[in-house]
**Q** 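After the structure tokens below, expect a handful of questions from me.
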Amino acid sequence: MRLFPIPLLSHVRGLVRRAPSPRMYAVPALACTNSTISHSEEQTKEGNFEVVKSLELNEVGVLRVLTTMRDDPYLALSFLKRIEGNEGASLPSVSAYAAVVRIVCSWSLDEKLSCLFVGLIRKGDQGRGFSFADLLNAVGEAEEGDEKLAFLLLSRVSSALVKAYAEIEMFEEAVYLFREIEELRWDADAGAYVVVVQALRRKGDSEGVEKLLSKLLSLETRRRHCFFYMDFIEGLCVNEMSLEAYTLLRPLRDADILVVDGSDLAVAYSRVIRGLCNEMKLEEAESALLDMEGCGIDPDVSLYSAVMEGHRKNMSFSKALRFIVDKGAKQGKRIINPVIASSILQCCCQMGKFSEAFDQFVEFRNRNIPLDRFCYNVAFEALIKLGRVDEAIKLFRGMICEGIAPDVVNYTTLIGGCCQQGRCSEAIDLVMEMEAKGRPPDIVTFNVLVGGFVRNAQNASGILKLMEERGVKPTSVTHKMVIQGLIVAGKIDEAEALYQSLDE
DNA sequence: ATAGGGTTAG
């Protein structure tokens, strides 16, 4: 039952043969370069183009030229583009497109294929002079003797078309075409499934999604390879549909489908859990994690840190800390890596518990937990907030002695600390050190510095000049920092004047 | 192939 008539594949089974039309194609010389093909590519192809340069080709001629381009999909595509771009002349025939599609397809350049289709969709049936059913017919026709190859080819080409529709937000058409592919019993690829789920969800058709997933899993239609499911799960997760991926994952696991090389189930779980964390679906992520552990898979610690970071970003600091402590206790092995360590330290800082944060840092160090510049940075922040800037600088020097190279952020943190204590010249020394070490200050560094100077009633024009010399452009944040600094310094009039001048 | 964190805006 069709909701509305979109003539897509309606007569694809009717494989109609057509005699080539006597149209002529003028093939322009290579001089007008094609912007979609990179320069080096273009140059290497130049030789091949000589053959057809400035020739008048009829359709048979075009097809003959295309057969010589079988090993060069980019050349075939640009050849086609050239004919398309030829003002006033006939457009390429459906057979010419079919030939190019087959070439591109045989090289697995699915994205190029979708690209080509986007262009064709935009032209419309009238503009093309043929329908997509015609095109698919023509593509399939060439493999008439080999049913299996035709099936693979048509599955692939029609999947690319589904993706092309989705790409230009013609979701109805994408879903409609997908349904037709299902009816024809071709296999849409994982990418096509992903965009269809996306389209259905966009419509709020969760029932449709459910049906699609269960159809994919039902025994009689389940003929997919593990790779398909892996790709599908990955596609769902990167497109913020991790919950759908998780619904798919469990039955796949129970049916022992994700077992090609033993680690597939672990990889799938990792993707899903990471995806859930990215979408801040932390309860689901935690239960997926338990689920994973229940399968006897030992999760990578990075999954623990993903969940923990989620809680932290959610400002659920104690939840984050409790989570990691519980996991650590349960695992009975060391799960604290530098990422988790910095996350723990940051939770403390964000709760305002700066001395606890620093104590924790020292404890980590005593326990020989590897600490990197991220962890050190949080320790610097804690010390600075406690007003212990000297200790922060000492720790910074110690870090360098440990062989950890400081980055712009480390320097910026310390520069902020110096400014906070009114130690502006030390701040400048650090800036000079940065430049000497080839880690030049960025906009954030300068904002901190400028703000610090102004707050301490120091002349900031030198800093602004330095910024200009280094090619770092002030932003609205810079101005905000200066204005606030002036207010802190009690220079209300100057702040007001600056504010007014910025308004203009 | 699973990959993640820290600095401005007081």
Side-chain angles (χ1 to χ4, degrees), chain A residues 227 230-231 233-234 237-238 258 260-275 277-278 285 288-289 292 297-313 320 324 335-350 352 357 361 370-382 384-385 392 396 399 404 406-420 427 430 434 439 441-456 463 472 474-489:
Chain A
F227 294 135
M230 292 299 283
D231 288 346
I233 287 173
E234 184 181 16
C237 292
V238 302
L258 301 179
V260 163
D261 73 357
S263 71
D264 287 319
L265 188 58
V267 171
Y269 264 111
S270 298
R271 284 177 182 160
V272 168
I273 292 166
R274 235 174 273 286
C277 290
N278 286 337
L289 200 52
M292 182 183 189
I297 307 168
D298 190 12
D300 186 281
V301 286
S302 74
L303 292 179
Y304 295 138
S305 71
V307 174
M308 189 189 179
E309 274 299 300
H311 286 311
R312 191 181 65 78
K313 284 182 192 143
I324 210 70
I335 64 162
I336 300 183
N337 64 10
V339 181
I340 293 177
S342 78
S343 193
I344 293 171
L345 298 175
Q346 239 195 306
C347 279
C348 294
C349 281
Q350 285 183 277
F361 174 86
L371 300 167
D372 62 11
R373 61 173 187 275
F374 292 82
C375 302
Y376 271 92
N377 204 58
V378 189
F380 301 152
E381 187 198 331
I384 288 165
K385 289 276 162 54
F396 175 71
M399 179 185 90
I404 300 169
D407 67 2
V408 185
V409 180
N410 294 139
Y411 275 107
T412 304
T413 304
L414 287 172
I415 287 166
C418 290
C419 290
Q420 199 195 71
L430 284 168
M434 289 176 84
R439 309 224 104 91
D442 63 8
I443 180 62
V444 181
T445 317
F446 277 118
N447 287 346
V448 171
L449 197 62
V450 158
F453 264 59
V454 179
R455 269 206 311 272
N456 288 297
I463 312 285
V472 182
T475 66
S476 59
V477 179
T478 317
H479 301 131
K480 204 165 163 180
M481 302 275 295
V482 173
I483 292 169
Q484 280 169 347
L486 287 168
I487 293 170
V488 171

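Letters go in sequence order (proteins before strands), and every chain restarts at 1.
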**Q** Measuring from the side chain of A/Thr413 (C-beta onward, heavy atoms only), which nucleotide among B/dG4, B/dT7, B/dT8 has the closest atom?
**A** B/dT7
**Q** Base of B/dG5, side chain of A/Asn377 - is there a donor-acceptor contact under 3.5 Å?
**A**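 Counting by modelled atom types and ignoring angles, no donor-acceptor contact under 3.5 Å is found here.
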**Q** Would you kindly give the CZ-to-P distance between A/Arg455 and B/dT8, to the nearest whole Å?
**A** 11 Å
**Q** Is the base of B/dG5 touched by the side chain of A/Asp372 through a donor-acceptor pair closer than 3.5 angstrom?
**A**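 Side chain to base: pair found, below 3.5 Å.
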**Q** Tell me the closest heavy-atom pair linking A/Ile443 and A/Thr478, and the distance in Å.
**A**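 Taking A/Ile443 first and A/Thr478 second, the nearest heavy atoms are CD1-OG1, 3.8 Å.
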**Q** May A/Phe374 be described as stacking on the base of B/dG6, applying a 5.5 Å centroid limit and a 30° limit on plane angle?
**A**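 No; centroid distance or tilt outside limits.
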**Q** Where each residue is assigned the nucleotide of DNA chain B containing its nearest heavy atom, which of A/Gln420 and A/Asp442 is assigned the position nearer the 5′ end?
**A**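 The residue whose closest nucleotide sits nearer the 5' end is A/Asp442.
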**Q** Classify A/Val301 by what it touches in the nucleic acid, base, sugar-phosphate, or nothing, heavy-atom distance under 4.0 Å.
**A** nothing
**Q** When the distance from CZ of A/Arg373 to P of B/dG6 is rounded to whole Å, what number comes out?
**A**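 Spelled out: CZ on A/Arg373 to P on B/dG6 is 12 Å.
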**Q** Under the 3.5 angstrom rule, does the side chain of A/Asp372 hit a backbone N or O of A/Cys375 as a donor-acceptor pair?
**A**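 Checking the backbone N and O of A/Cys375 against the side chain of A/Asp372, a donor-acceptor pair under 3.5 Å is found.
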**Q** Is there a donor-acceptor contact under 3.5 Å from the side chain of A/Arg373 to the main chain of A/Val409?
**A**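 It does not hold such a pair.
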**Q** Side chain of A/Arg271: nearest nucleotide among B/dA9, B/dT2, B/dG4?
**A** B/dT2
**Q** How close do A/Val408 and A/Met434 get, heavy atom to heavy atom, and via which atoms?
**A**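 That closest heavy-atom pairing would be CG1-CE, 3.7 Å.
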**Q** To the nearest Å, how far apart are A/Ile335 CD1 and B/dT2 P?
**A**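 Taking atom P of B/dT2 as the reference, CD1 of A/Ile335 is at 22 Å.
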**Q** For A/Asp442 and A/Thr445, which I'm curious about, is there any donor-acceptor pair between the side chains at under 3.5 Å?
**A** yes
**Q** Counting heavy atoms from C-beta on, name the nucleotide in B/dA9, B/dG5, B/dT2 closest to the side chain of A/Ser342.
**A** B/dG5
**Q** How is A/Pro338 classified with respect to the nucleic acid when contacts are heavy atoms under 4.0 Å: base, sugar-phosphate, or nothing?
**A**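 Contact class for A/Pro338: base.
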**Q** From the options B/dA1, B/dG4, B/dT8, select the nucleotide whose nearest atom is closest to the side chain of A/Met481.
**A**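 When the side chain of A/Met481 is considered, B/dT8 is the closest of B/dA1, B/dG4, B/dT8.
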**Q** Expressed as a whole number of angstroms, how long is the span from A/Ile443:CD1 to B/dT7:P?
**A**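 My rounded result for the distance is 17 Å.
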**Q** Which whole-number value in Å describes the distance from A/Ile297 CD1 to B/dT2 P?
**A** 15 Å
**Q** What's the closest nucleotide to the A/Arg312 side chain, out of B/dG6, B/dA1, B/dT7?
**A** B/dG6
**Q** What is the distance from CD1 of A/Ile344 to C1' of B/dG4, rounded to the nearest Å?
**A**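 Atom-to-atom, A/Ile344 to B/dG4, this comes out as 14 Å.
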**Q** Between atom CZ in A/Phe380 and atom C1' in B/dG5, what is the gap in whole Å?
**A**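 Nearest whole value for this atom pair: 15 Å.
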**Q** Side chain of A/Ser305, backbone of A/Ser302: donor and acceptor closer than 3.5 Å?
**A** yes
**Q** Nearest whole Å is fine: how far is B/dG5 C1' from A/Ile324 CD1?
**A**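 It is 12 Å, rounded to the nearest whole Å.
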**Q** Could you tell me whether A/Val448 contacts a base, only the sugar-phosphate backbone, or nothing, with contacts defined as non-hydrogen atoms closer than 4.0 Å?
**A** sugar-phosphate
**Q** A/Ser270 has a side chain; which of B/dT7, B/dG5, B/dT2 sits nearest to it?
**A**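 Comparing B/dT7, B/dG5, B/dT2 against the side chain of A/Ser270, the answer is B/dT2.
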